[in-house]
K.L.:
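Below is the structure I would like to discuss, written out as structure tokens.
Note that the structure is predicted; figures quoted are calculated from it, not measured.
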Amino acid sequence: MTLEEFHAPEPVPAGHDWMQGAGKALHELLVSAQRRGCLTAGVYESAKLMNVDPDNVAFCVLATDEDDEGDIALQIHFTLIQAFCCENDIDIVRVNDVAKLAAIVGPSEESGETRDLHCILITNPNEDGWKDPALEKLSLFCEERRNVNDWVPTITLPE
């Protein structure tokens, strides 16, 4: 028996209310963060930001599709990002649908081009009093999942 088999996270039914709530909260957080200019997209852009200002990172989203599962370089980046987030107490989730994520976040505002959405960071805005209820819901969700040894839970985005 492996450690993963012994400490495997408890399966969560797809129709579970708080799982759907987490997907909706993530959608709201992404829209709000983009509107406020607090969203960084891209594996390399995210790594640079984490290196320069890790205390400013509030939340991390890692996204893959079935096509990305065989991309060893991307999986190595994900492993390093996950380790960094755990080390710096940054909540982190996975999303298995880059197309839905692209529909929410859209193209880059500066160039209008499609951007790398495999890693998205939500940063704290310069405004001192900004508290996003969606971020608080997601923090509670991540804490609950960590209590059952699911350190990087997968969230399904709403249609």
Side-chain angles (χ1 to χ4, degrees), residues 9 12 14 18-127 130-146 150-159:
V12 178
W18 57 266
M19 184 59 99
Q20 290 176 346
K24 184 178 179 194
L26 180 57
H27 183 277
E28 291 169 6
L29 178 63
L30 291 169
V31 170
S32 174
Q34 184 159 344
R35 194 175 331 117
R36 292 181 181 274
C38 302
L39 187 138
T40 300
V43 172
Y44 297 111
E45 293 82 357
S46 296
K48 285 191 283 187
L49 177 64
M50 287 178 175
N51 189 41
V52 173
D53 193 8
D55 294 334
N56 198 32
V57 178
F59 198 79
C60 179
V61 179
L62 298 177
T64 58
D65 278 332
E66 289 178 11
D67 299 341
D68 299 321
E69 294 303 322
D71 188 342
I72 300 300
L74 184 61
Q75 297 308 319
I76 290 170
H77 287 296
F78 279 6
T79 301
L80 294 171
I81 290 168
Q82 288 173 13
F84 186 89
C85 288
C86 288
E87 182 74 22
N88 289 283
D89 295 322
I90 299 168
D91 289 324
I92 182 170
V93 297
R94 279 188 175 256
V95 172
N96 288 333
D97 196 337
V98 177
K100 280 185 187 176
L101 204 54
I104 295 168
V105 176
S108 174
E109 291 178 6
E110 297 87 39
S111 65
E113 294 180 12
T114 305
R115 52 186 163 175
D116 173 18
L117 297 177
H118 289 106
C119 182
I120 296 176
L121 297 181
I122 308 299
T123 56
N124 292 316
N126 294 334
E127 305 165 23
W130 183 66
K131 291 283 186 191
D132 193 312
L135 181 58
E136 291 177 21
K137 287 179 191 175
L138 286 167
S139 288
L140 289 173
F141 170 79
C142 288
E143 182 178 341
E144 182 71 26
R145 296 310 303 158
R146 282 191 298 270
D150 186 5
W151 296 96
V152 184
T154 301
I155 292 180
T156 303
L157 291 168
E159 295 297 323

K.L.:
Distance from Arg94 atom CZ to Thr156 atom OG1, nearest 0.5 Å?
P.N.:
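Here the rounded value is 13.5 Å.
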K.L.:
For Ile155 and Phe141: C-alpha separation, side-chain torsions, deciding distance, then whether side-chain contact (heavy atoms from CB on, under 4.5 Å) applies.
P.N.:
CA-CA 10 Å; Ile155 292 180; Phe141 170 79; 3.8 Å; yes
K.L.:
So, the side chain of Lys137 versus the backbone of Ala25: is there a donor-acceptor pair under 3.5 Å, distance only?
P.N.:
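It does not hold such a pair.
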K.L.:
Charged N to carboxylate O below 4.0 Å: is that the case for Arg146 and Asp91?
P.N.:
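Salt bridge between Arg146 and Asp91, a charged N being under 4.0 Å from a carboxylate O: yes.
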K.L.:
Start with the C-alpha gap between His27 and Val31, add the side-chain angles, then the distance that decides, and say whether side-chain contact (heavy atoms from CB on, under 4.5 Å) holds.
P.N.:
CA-CA 6 Å; His27 183 277; Val31 170; 4.0 Å; yes
K.L.:
Is atom CD of Glu69 surrounded by more than 12 heavy atoms (other residues, nucleotides or ligands) closer than 6.0 Å?
P.N.:
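Yes, CD of Glu69 has more than 12 neighbouring heavy atoms, counting only those of other groups under 6.0 Å.
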K.L.:
What's the shortest heavy-atom distance between Ile81 and Cys60, and which atoms?
P.N.:
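In terms of heavy atoms, the two residues are closest at CG2-SG, 3.8 Å.
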K.L.:
Among Asp68, Thr64, Asp71, find the one that has a side-chain hydrogen bond (donor to acceptor under 3.5 Å, both in side chains) with His118.
P.N.:
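Single side-chain hydrogen bond (donor to acceptor under 3.5 Å, both in side chains) partner of His118 among Asp68, Thr64, Asp71: Asp68.
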K.L.:
Shortest non-hydrogen contact from Leu117 to Ala63?
P.N.:
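Smallest heavy-atom distance, with atoms named: O-CB, 3.4 Å.
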K.L.:
Could you measure the distance from the CG atom of Leu80 to the SG atom of Cys119? Nearest 0.5 Å is fine.
P.N.:
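Going from CG on Leu80 over to SG on Cys119, the span is 11.5 Å.
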K.L.:
Measuring from atom CD1 of Ile120 to atom CG of Leu101, what distance do you get when rounded to the nearest 0.5 angstrom?
P.N.:
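It comes to 4.0 Å.
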K.L.:
Any side-chain heavy atom of Val105 sitting closer than 4.5 Å to one from Arg115?
P.N.:
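SC-SC contact between Val105 and Arg115 confirmed.
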K.L.:
Provide the closest heavy-atom pair for Leu138 versus Ala22 in the form atom of the first, atom of the second, distance.
P.N.:
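Distance-wise, the nearest heavy atoms are CD2-O, 3.5 Å.
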K.L.:
Give me the one residue out of Leu121, Thr40, Asn88 that meets side-chain contact (heavy atoms from CB on, under 4.5 Å) with Met50.
P.N.:
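Looking at Leu121, Thr40, Asn88, the match for Met50 under the side-chain contact (heavy atoms from CB on, under 4.5 Å) is Leu121.
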K.L.:
What pair of heavy atoms forms the shortest contact from Ser46 to Ala41, and how long is it?
P.N.:
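In this case the closest contact between Ser46 and Ala41 is OG-C, 4.5 Å.
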K.L.:
Restricting to pairs with a member in residues 52-97, which pass ring-ring contact (aromatic ring centres under 6.0 Å, His included), not counting sequence neighbours?
P.N.:
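Checked against ring-ring contact (aromatic ring centres under 6.0 Å, His included) - neighbours excluded - the pairs reaching residues 52-97 are Tyr44-His77.
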K.L.:
Measuring from Ile122:CD1 to Ile90:CD1, what's the distance to the nearest 0.5 Å?
P.N.:
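Ile122 CD1 to Ile90 CD1: 12.0 Å, rounded to 0.5 Å.
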K.L.:
Report the distance from atom CG of Asp89 to atom OG of Ser139, rounding to the nearest 0.5 Å.
P.N.:
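Output value for this atom pair is 11.0 Å.
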K.L.:
Determine the minimum heavy-atom distance between Pro158 and Lys100, stating which atoms define it.
P.N.:
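Looks like O-CD, 4.2 Å.
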K.L.:
Check whether Asp65 reaches the backbone of Asp67 with its side chain - one donor and one acceptor, N or O, closer than 3.5 Å.
P.N.:
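No; zero donor-acceptor contacts below 3.5 Å.
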K.L.:
Taking atom CZ of Arg145 and atom CD1 of Ile92, what is their separation to the nearest 0.5 Å?
P.N.:
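The CD1 atom of Ile92 is 15.0 Å from CZ of Arg145, to the nearest 0.5 Å.
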K.L.:
Hey, mind stepping through Ile104 and Leu157 against side-chain contact (heavy atoms from CB on, under 4.5 Å) and telling me if it holds?
P.N.:
CA-CA 10 Å; Ile104 295 168; Leu157 291 168; 3.9 Å; yes
